[in-house]
Amino acid sequence: MTDPVGKLPSELDQLPDRDPEETAEWAASLDAVTKAAGPHRAAYLMRRSLQHAEGAGLALPKLLETDYVNSIPTAPEPDFDGDLEMESRITAWNRWNAAAMVTRGARYGVGGHIATFASAAWLYETGFNHFFRGKEGDGSGDQLYIQGHASPGIYARAFLDGRLSEQQLDKFRQEAGGEGLPSYPHPRRLPWLWEFPTVSMGLGPLSAIYQARFNRYLANRDIKDTSNSHVWAFLGDGEMDEPESTAALALAAREQLDNLTFVINCNLQRLDGPVRANFRVVQELEGAFRGAGWNVVKTLWGNAWDELFQLDTSGALVRRLREVPDAQFQTYATRDVAYIREHFFGAEPALAELAKLLTDAKIAECFYTSRGGHEARKVYAAYRAAVEHKGAPTVILAQTVKGYTLGKGFESKNSNHQMKKLSADEFKDMRELLGLPIPDSAFTDGLVPYGHPGADSPEVRYLQERRAALGGPAPARRVHAVALPEPEERAFKALYKGSGKQEMATTMAFVRLAKDLMRDKETGRRWVPIVPDEARTFGMESLFPSAGIYSPLGQTYEPVDHDQLMYYKEAKDGQILNEGITEAGAMADFIAAATSYATHGETMIPFYIFYSMFGWQRTGDQMWQLADQLGKGFIVGATAGRTTLTGEGLQHADGHSHLIASTNPASLNYDPAFAYEIAVIVKDGLRRMYGPEAEDVFYYLTVYNEPKRQPAMPEGVEEGILKGLYRFREGTPAGAESPRLQLLASGTAIHWALEAQELLAADWGVTADVWSATSWGELRREALLADEAILHGEQRVPYVTQALSGAPGPVLAVSDWMRAVPDQISQWVEQDWTSLGTDGFGLSDTREAARRHFGVDAQSVAVAALAQLARRGEIPASSVKEARERYGL
C-alpha cells in the first residue's frame, strides 16, 4: 500500500510528528539543494549530517557505508614514532628474503606463497616496530594471528633478527628431518615461534574474537591481569567469505572487546581472481562490521592520492571511486596510463578536466602502487587509532596490491597466488626497486642469494631495539607450565562406590564429578565449564547459582526464575561459558582456555560438553586446530550414541564421532560404560595433561543420557580402564563342555551385552564373558606402537592381544557406534572376530525399537553370538533359526 503521493510508508510514519511544518521545511530544503546543486551535493550534505549526528551522540541508525576514502585524512595523522628510512630498509630485506626462500624451495617442488606477504609487508612491519607487545615485558604480551600465506615474511624477519639461520630458511616446507620450517603457522611443528595455527581459513578470526574474550574472562575472574594484552588478527579479504570469519562479530561488539583489532589486507584478490569482481569488497566489509557495531578504519590510498583529492572540488573523483568495481580497478593496475585516462577519468567531464592537471607519472604512481597499506605512516595512523579506540573492537581495512614490488609479472595478476618463483632477472629488477646492495656475483649456481646487512648492522640493531622496547621477540610462544596439584580424592570416590539402587546416566555422572572438582580448594577455580546453550539438557543447571554464567556486564536484570533454587545467574566473575547456539563459538572458547598455559602462563582446565553429534562432525576442523595449538582439556560428547537419544532421530544420532576422533593423534578417546570408569579416566587425564610430565594431548569422552544403576568399581581394573579393555563380568560355565565366547562392549552397549550374557546362559547353555572396552581408539593406538617397535628390532605384543590371550571361543564386539569403530582393533585379536554396530542413518523412535532396528539389542547380540558358534560347529545351526524365532527377530 502507498500513501496519497505514491510513496511507500516507512517506520517513521508510525511515529508522532509534533511539528509537521518544521519537518516539511527540512524536506523542502533538501529538495531545493537537489534542484540547485544536484543530487550529489544533496547526498553529500545528508551523509555529513548523519556523521555529525553520530559524533554528537544522537540516537540515530549508524551510517553503514562511508565514501571510498581513508578514514584518517593526511593532515591529522599522528607523528610517526620511528625512523622511516631505517624501517624501509628492514622491510626491503624482509621482502627479498621471503621471495628468495620460496623461490629456492621451488627447486625441490615444495612450493610456497610469495604474493600475500609482498602486499602485506608494511602491515606486519609497522606492528612489529611499534605496536606488538612481546612476552618478556609486563603481562602476557599481545596475541598475533598471522595470515597463513604470509609466513615466509615472518620467517624472513626472524632470519634478520638472528632467530633463524640461512640453513633453516632453506628447509622451508621440508620438515621430515626435524629441522625444517612448516609451511604455515604451526605451534606443534615450531613451538617456540608460532602461537596460533591460522591457515585453515576462517578459524583465525573466530579464534581471535574468543581469545580476546577469554583474556577478559581471566581478568574478570582475577586469575590474570590481561589489560596490556591486545589481540591482532591478520586476515585476507577473500578469507572473510568463510562463515566462521564473521560468525562472532556481534559478540565482539556486544562485549566491547576493544582489546581486539582485525587487520584485513584488502588486495582485492583471492586464490583464483578478484574477491568481488563486480562489486567493492571494502565497502561490503565496512557495512558488515559497522552493522555489527565495530569501529571501522579504512586505509585505502597512499599520499600520492592527496593531490587528486585536493583537485576534486566537485566530488567527481570520490563518486567514481565509489562506483568502479574491484575487478576493473585491478585492471587499471595492469594497463597503461592512456587506458586509465580513457576508462577512469573519461567517465564524466569533471574527471576528464581533473586528469588534464595530472602528469602521466602521477597517474601511474596512484594507480599502480600508491595504496594505504603500503605506506608506513598510513598504517601507523590506523594502528594508533585502533589501540586508542575504546568501547568496541576495531577493523582496519587496508588496501594493497597483491604481489607488490615483485614486478609486473606478479602485481595484480589473477594467477599470482599460484606463482612460486621469480627469475634471476626479476630478482635483479626487484633489487633495484628496493635499493638492496646485492651484487650480481651473489647469484651463483642458478640460485638467488639470501640477503643480510650483518648481525651488527644499523638495521638489525634498530629492529632489536624496537623489539626490546616492546617486550621481546614476536611472534613467540612461551610455556611456563606449572604442574597443578592433584584434586582431593573424595570427588572421585563418590563415583567409585556406584549409585546403589539409584539410576544415573553417565552424562550426569560426569557433571557431578565436574561439579565436585570445581569445589576443590587448589584447582577448582581453574575449571572452565563450556556449553553451547544446552546446560539444562545435561543437568548442569545446578551450577548456575553456584558457579555463575560469565558476562562482562554481570546481571543487569531480574531473572524470571529468581525465586527458584537453581535460578539463572549471570555474573562478571562467572565461571561457566554458556555460548548460546554456537558449537563453533564454544569450541573457540575451549581452544583459548586449553592453551592459556602457554598464552598467559595460566593453566586452565576446560571441559566442553555438547550434543555428541554436533562435535567432531560439525567442528572437527577446530578439533584439529586444538591439536595444532597443543591444547589440553576434556571434550565431552553427551547424549552419545545412535540409539540412546530417544526421539531426536537422524540429525541428532551420533554413531560415528569416535571414528572421526580416531584420526586426530592428539585426541585420547574414551567411551566409558560406568560412572567409576569416568572417574578413573578423568583422574588420569588430569595427571597426564597437568601433572609434572604434562603431555600435549586432550581427552574426548562420550557419555550417555540413559539412566542405569551404576555399579561399584571392581578391584584392580584401573589399568584396563585406561588402556581400553578389561573383563567386567566372567560368565558362569553351564557345564564342562559348554560353548564359550567373549562379548566386548563399550559405553551403554555394556548393558545389552550383560543381558545377552544372561540369555545365552539361560536359554542356550552358552557361557559368555563380558568385557568393557572403554577405548577402541587407545587399544588401536597402543597396538600400532607395538607394530612400529618391530621396525626398530623390538618385539612387543599389543595390550589387546595380551588381554584376550587364551580367552576361549570367538569374540563378538558391540557398541552404539558404527561397526568400523570396534573393527579398529580386529587385526590384533587372535580369536575369530565379529562386530555389531549402528551403521546407517539414525531414526526417531524408542531406544528399544531403534536397537532392534539396528540389530544391537540384547536379543540380537545373543543371536549373533549363536551364529558365530554355529559357524565354528560348536552348536547346531538350527539353534540360530530357533533363537531368531523365539526373540521375534
With a 6.0 Å cut-off (strictly less than), is the heavy-atom count around CG of Asp79, excluding the residue itself, greater than 12?
no
For Ala212, does its backbone N or O pair with a side-chain atom of Asn259 as donor and acceptor, under 3.5 Å?
yes
Walk me through whether Arg618 and Glu583 qualify under salt bridge (Lys or Arg N to Asp or Glu O under 4.0 Å).
CA-CA 8 Å; Arg618 182 168 291 182; Glu583 283 82 9; 3.0 Å; yes
Lys378 backbone acceptor or donor facing Tyr383 side chain under 3.5 Å
no
Would you say the side-chain atoms of Thr394 and Asn295 include a donor-acceptor pair closer than 3.5 Å?
yes
Do Asn215 and Gln143 have a side chain donor and acceptor closer than 3.5 Å?
yes
Output, in order, the C-alpha distance, side-chain angles, deciding distance and verdict of side-chain contact (heavy atoms from CB on, under 4.5 Å) for Ile609 and Met540.
CA-CA 10 Å; Ile609 188 165; Met540 293 176 62; 3.3 Å; yes
Atom of Ser71, atom of Val296 and distance for their closest heavy-atom approach:
OG-O, 3.8 Å
Quick one: do the Glu323 and Tyr68 side chains pair a donor with an acceptor below 3.5 Å?
no
Might you confirm whether atom NZ of Lys572 has over 12 heavy atoms from other residues, nucleotides or ligands at distances under 6.0 Å?
no
Would you check if the side chain of Asp336 reaches a backbone N or O of Tyr339 as a donor-acceptor pair within less than 3.5 Å?
yes
No-hydrogen, no-angle side-chain donor-acceptor test under 3.5 Å, Thr74 and Asp306
yes
Can you find a side-chain donor-acceptor pair between Gln399 and Asn267 that sits under 3.5 Å?
no
Over all heavy atoms of both residues, which pair between Thr299 and Ile396 is shortest? Give the atoms and the distance, please.
OG1-CG2, 4.1 Å
Strictly distance-based, threshold 3.5 Å: is any side-chain N or O of Asn578 a donor or acceptor partner for the main-chain N or O of Asp533?
yes
Could you go step by step and tell me if Asp258 and Arg216 meet the salt bridge (Lys or Arg N to Asp or Glu O under 4.0 Å) rule?
CA-CA 10 Å; Asp258 49 26; Arg216 291 281 171 84; 2.5 Å; yes
Determine whether the aromatic ring centres of Phe367 and Phe329 lie less than 6.0 Å apart.
yes
Parallel, tilted or perpendicular for Phe262 and Trp294, by the 30°/60° rule?
tilted
Looking only at the side chains, is there a donor atom on one of Lys569 and Ser546 sitting less than 3.5 Å from an acceptor on the other?
no
Indicate yes or no for a side-chain donor-acceptor contact from Asp326 to the backbone of Val281 under 3.5 Å, with no hydrogens or angles considered.
yes
Please evaluate residues Phe234 and Tyr145 with respect to the criterion ring pair (Phe, Tyr, Trp, His ring centres under 6.0 Å), reporting the C-alpha separation (whole Å), side-chain torsions for both, the decisive distance (0.1 Å), and the verdict.
CA-CA 6 Å; Phe234 288 83; Tyr145 288 78; over 10 Å; no
side-chain contact (heavy atoms from CB on, under 4.5 Å) between Ile264 and Val395: does it pass, once the steps are laid out?
CA-CA 7 Å; Ile264 302 182; Val395 58; 3.7 Å; yes
Flag for Gln625-Asp621: side-chain donor and acceptor within less than 3.5 Å
no
Between His374 and Thr369 (side chain of the first, backbone of the second, donor and acceptor by atom type, cut-off under 3.5 Å), is there such a pair?
no
Side-chain (Tyr217) to main-chain (Gln575) donor-acceptor, under 3.5 angstrom
yes
Can a donor-acceptor pair be found between the side chains of Lys402 and Asn265 at a distance below 3.5 Å?
no
Dump the intermediate steps for ring pair (Phe, Tyr, Trp, His ring centres under 6.0 Å) on Tyr550 and Phe544, then the final yes or no.
CA-CA 10 Å; Tyr550 173 73; Phe544 290 170; over 10 Å; no
Does atom CD (Glu21) have a neighbourhood of more than 12 heavy atoms from anything else shown, all under 6.0 Å?
no
SB check Arg536 Glu541 (cutoff 4.0 Å):
no
Kindly give the heavy-atom pair with the smallest separation between Leu317 and Asp312, and that separation in Å.
N-OD1, 3.0 Å
Taking atom types as modelled, is there a side-chain donor on Glu534 or Thr537 under 3.5 Å from an acceptor on the other?
yes
Closer than 3.5 angstrom, by distance alone: can the side chain of Asp561 be matched with the main-chain N or O of Tyr568 as a donor-acceptor pair?
yes
Using 30° and 60° as the class limits, which term best fits the ring planes of Phe131 and Tyr380: parallel, tilted or perpendicular?
tilted
Please report the closest heavy-atom contact between Tyr44 and Arg48, naming both atoms and the distance.
OH-NH1, 2.7 Å
Is there a donor-acceptor pair closer than 3.5 Å between any side-chain N or O of Arg335 and the backbone N or O of Ile340?
no
Between Ala364 and Val337, which heavy-atom pair has the shortest distance, and what is it?
CB-CG2, 4.0 Å
Do the ring planes of Trp305 and Trp301 sit parallel (below 30°), tilted (30 to 60°) or perpendicular (above 60°)?
tilted
Distance alone, cut at 3.5 Å: any donor-acceptor contact between the side chains of Tyr608 and Asp589?
no
For the residue pair His343 and Tyr332, is the inter-centroid distance of their aromatic rings smaller than 6.0 Å?
no
Keeping the roles fixed (side chain from Gln622, backbone from Ala584), state whether a donor-acceptor pair exists under 3.5 Å.
yes
Under 3.5 Å, is there a donor-acceptor pair between the Glu65 and Gln283 side chains?
yes
Quick one: side chains of residues 344-358, donor-acceptor pairs under 3.5 Å with protein atoms, not counting sequence neighbours, listed by atom name and distance.
| from | atom 1 | to | atom 2 | distance (Å) |
| --- | --- | --- | --- | --- |
| Glu348 | OE1 | Arg319 | NH2 | 3.2 |
| Glu353 | OE2 | Lys356 | NZ | 3.0 |

With a 3.5 Å cut-off and no angle check, do the side chains of Lys298 and Thr66 form a donor-acceptor pair?
yes
Within the 4.5 Å heavy-atom criterion, are Leu257 and Arg213 side-chain neighbours or not?
yes
Sort and list the pairs that fulfil side-chain hydrogen bond (donor to acceptor under 3.5 Å, both in side chains) and have at least one residue in residues 229-245, not counting sequence neighbours.
Asp142-Trp232, His230-Thr261, Asp241-Arg270, Asp241-Arg276
In terms of heavy-atom contacts, Ala304 and Glu375 come closest through N-OE2, 4.5 Å
